[in-house]
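Written out below as structure tokens is the structure these notes cover.
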Number of protein chains: 2
Amino acid sequence: MKKKKHRMTKQRKYILEVLRQTTIHPTADWIYEQVRKEIPNISLGTVYRNLKLLAEMGEISILDYGSSYSRFDGNPENHYHFTCTECDSVFDLGIPMDEFIDKEISNKTPFLVESHRIEFYGLCPDCQNKI
Amino acid sequence: MKKKKHRMTKQRKYILEVLRQTTIHPTADWIYEQVRKEIPNISLGTVYRNLKLLAEMGEISILDYGSSYSRFDGNPENHYHFTCTECDSVFDLGIPMDEFIDKEISNKTPFLVESHRIEFYGLCPDCQNKI
DNA sequence: CTATTTGCAAACGCTTTGCCTGATT
DNA sequence: AATCAGGCAAAGCGTTTGCAAATAG
């Protein structure tokens, strides 16, 4: 594992700056539009490459959920899931939904919370043994 | 709003059956492969159309995470989010992470939990006023 | 210098859609 | 007959990648 050197190009620097100065959790395209005001000929590919790199560097975070494709669940009831970070399997958790947390957050914040989902991450039994 | 009638075709029926008999939270493609064993000339498009319809009917649930594109966050620290179901805005919640929940789930289940994320859904202040 | 990064455009991969034929009521 | 669903293939769309030229250190 060789450590790579990262240059702080003006593109990278400005992308990070734009992201640090907003709280709207923008899409790549929105960021692209903002950066274009300063660096008109930047390409979308560069934006994507830098967002990915900045996330790897721990400077920002990405709010997708890992895989690119959807998963389907024969159980239509809301319930919690556990995703193994090693093998990507998704399991149902047999623990009950927290009934009160929505109300609690509604009281503590200006948001009216109607539902929530919790995703746990870690190692499934099989992968705990493999490592 | 007119209510549509849904016929229970053999394709739809078998897709639902496959999904009900597994707990692996499969992808559309995996479902397609399973159904093909029974209905060899079914098309992927039909699988997608039915999965979407079954979800609308409340028979199954889809584990994608809403929008098709990623959102980026200038804050690399893990924290909770609130998504407005009306305007799709994403907000940071100023509440602290629950430090103990990972251990609690690790104790109660066979999974080794290393982290979790919680997404709350409901109405943001602006949209509460609009409705 | 030279390894990294960029712009451009083409490719990717999952999902959706249009169109027409076939099935159901 | 009228409506709903399916098969097929093309289109869609956000994202990734290959490549030659540019550039940071």
Side-chain angles (χ1 to χ4, degrees), chain A residues 1-19 24-57 59-73 88 90, chain B residues 1-19 24-57 59-73 88 90:
Chain A
M1 279 241 242
K2 203 198 280 179
K3 197 168 183 181
K4 271 192 237 161
K5 274 209 205 105
H6 300 301
R7 296 176 183 166
M8 191 47 73
T9 60
K10 70 175 194 293
Q11 289 89 340
R12 186 164 302 160
K13 193 174 164 189
Y14 200 67
I15 289 168
L16 181 56
E17 200 171 302
V18 162
L19 209 34
I24 68 162
H25 305 79
T27 61
D29 212 64
W30 186 92
I31 296 166
Y32 173 56
E33 290 305 331
Q34 302 306 307
V35 177
R36 226 137 70 101
K37 294 176 185 169
E38 195 74 18
I39 309 168
N41 67 326
I42 193 174
S43 75
L44 231 200
T46 296
V47 172
Y48 273 106
R49 267 189 290 236
N50 277 303
L51 287 170
K52 195 170 188 177
L53 186 66
L54 287 167
E56 281 164 11
M57 293 163 68
E59 296 288 334
I60 66 170
S61 51
I62 302 180
L63 273 100
D64 67 6
Y65 290 73
S67 74
S68 50
Y69 33 71
S70 298
R71 286 167 171 274
F72 299 86
D73 192 334
D88 277 332
V90 178
Chain B
M1 276 240 245
K2 204 197 282 179
K3 196 168 182 182
K4 271 190 239 162
K5 275 210 206 102
H6 299 300
R7 297 175 182 161
M8 190 48 73
T9 61
K10 68 174 195 294
Q11 288 87 343
R12 188 163 302 159
K13 192 174 165 190
Y14 199 67
I15 288 168
L16 181 56
E17 199 172 301
V18 163
L19 208 34
I24 69 161
H25 305 79
T27 61
D29 212 64
W30 186 92
I31 296 166
Y32 173 56
E33 291 304 331
Q34 302 306 307
V35 178
R36 228 139 67 103
K37 293 177 185 168
E38 196 73 16
I39 309 168
N41 67 326
I42 194 173
S43 74
L44 230 199
T46 296
V47 172
Y48 274 106
R49 265 189 290 241
N50 277 304
L51 288 170
K52 196 171 188 177
L53 186 66
L54 288 167
E56 281 164 11
M57 294 163 68
E59 296 288 334
I60 65 169
S61 52
I62 302 182
L63 286 178
D64 70 4
Y65 293 73
S67 73
S68 49
Y69 32 71
S70 299
R71 286 168 172 274
F72 299 86
D73 193 334
D88 277 333
V90 177

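Each chain gets a letter, A, B and so on, in the order its sequence line appears, and its residues count up from 1.
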CZ of Arg49(B) versus P of dC19(C): gap in Å, rounded?
13 Å
Figure out the CD1/P separation between Ile39(A) and dT5(C), and round it to whole Å.
15 Å
So among Ile62(B), Ile31(B), Thr46(B), which one has a side chain to side chain contact (heavy atoms under 4.5 Å, CB included) with Leu51(B)?
Ile31(B)
His6(A) NE2 to dT23(D) C1': how many Å, rounded?
17 Å
Closest to the Lys52(B) side chain, choosing from dG18(D), dG18(C), dT16(C)
dT16(C)
Compare side-chain N and O positions of Thr46(A) against OP1 and OP2 of dG7(C) and report whether any pair is under 4.0 Å apart.
yes
Nearest-nucleotide 5' precedence on DNA chain C, Leu44(A) against Leu53(A)
Leu53(A)
Of the listed nucleotides dA5(D), dT6(C), dG7(C), the one nearest the side chain of Arg7(B)
dA5(D)
dG7(C) base / Arg36(A) side chain donor-acceptor hit below 3.5 Å:
no
Quick check on dC8(C): is either OP1 or OP2 less than 4.0 Å from any side-chain nitrogen or oxygen of Asn41(A)?
no
Write down the distance between CD1 (Ile42(B)) and P (dG6(D)), rounded to a whole number of angstrom.
7 Å
Are the side chains of Ile42(B) and Tyr14(B) in touch, meaning some heavy atoms are under 4.5 Å apart?
no
Could you check how far CD of Glu56(A) sits from C1' of dT4(C), rounded to whole Å?
15 Å
Whole-Å distance, Lys5(A) NZ to dA3(C) P, equals 10 Å
May I ask you to say what Asp29(B) touches in the nucleic acid, namely base, sugar-phosphate or nothing, with a heavy-atom cut-off under 4.0 Å?
nothing
Nearest-Å distance, OH (Tyr32(B)) to P (dG13(C))?
17 Å
Would a distance-only check, ignoring hydrogens and angles, find a side-chain to backbone donor-acceptor pair under 3.5 Å from Arg71(A) to Leu63(B)?
no
Could you pull out all residues at least two apart from Glu59(A) that satisfy side-chain contact (heavy atoms from CB on, under 4.5 Å)?
Leu16(A), Arg20(A), Leu54(A), Met57(A)
How many whole angstroms separate atom CG of Leu54(A) from atom C1' of dT5(C)?
13 Å
What residues 8-18 of chain A contributes to the DNA chain C interface at heavy-atom separation below 4.0 Å is Thr9(A), Gln11(A), Arg12(A)
State, yes or no, whether a side-chain contact exists between Arg12(B) and His6(B) at a heavy-atom distance under 4.5 Å.
yes
Interatomic spacing from NZ in Lys13(A) to NZ in Lys10(A) - rounded to 0.5 Å:
11.5 Å
From dT6(C), dC14(C), dT5(C), pick the nucleotide closest to the side chain of Tyr69(A)?
dC14(C)
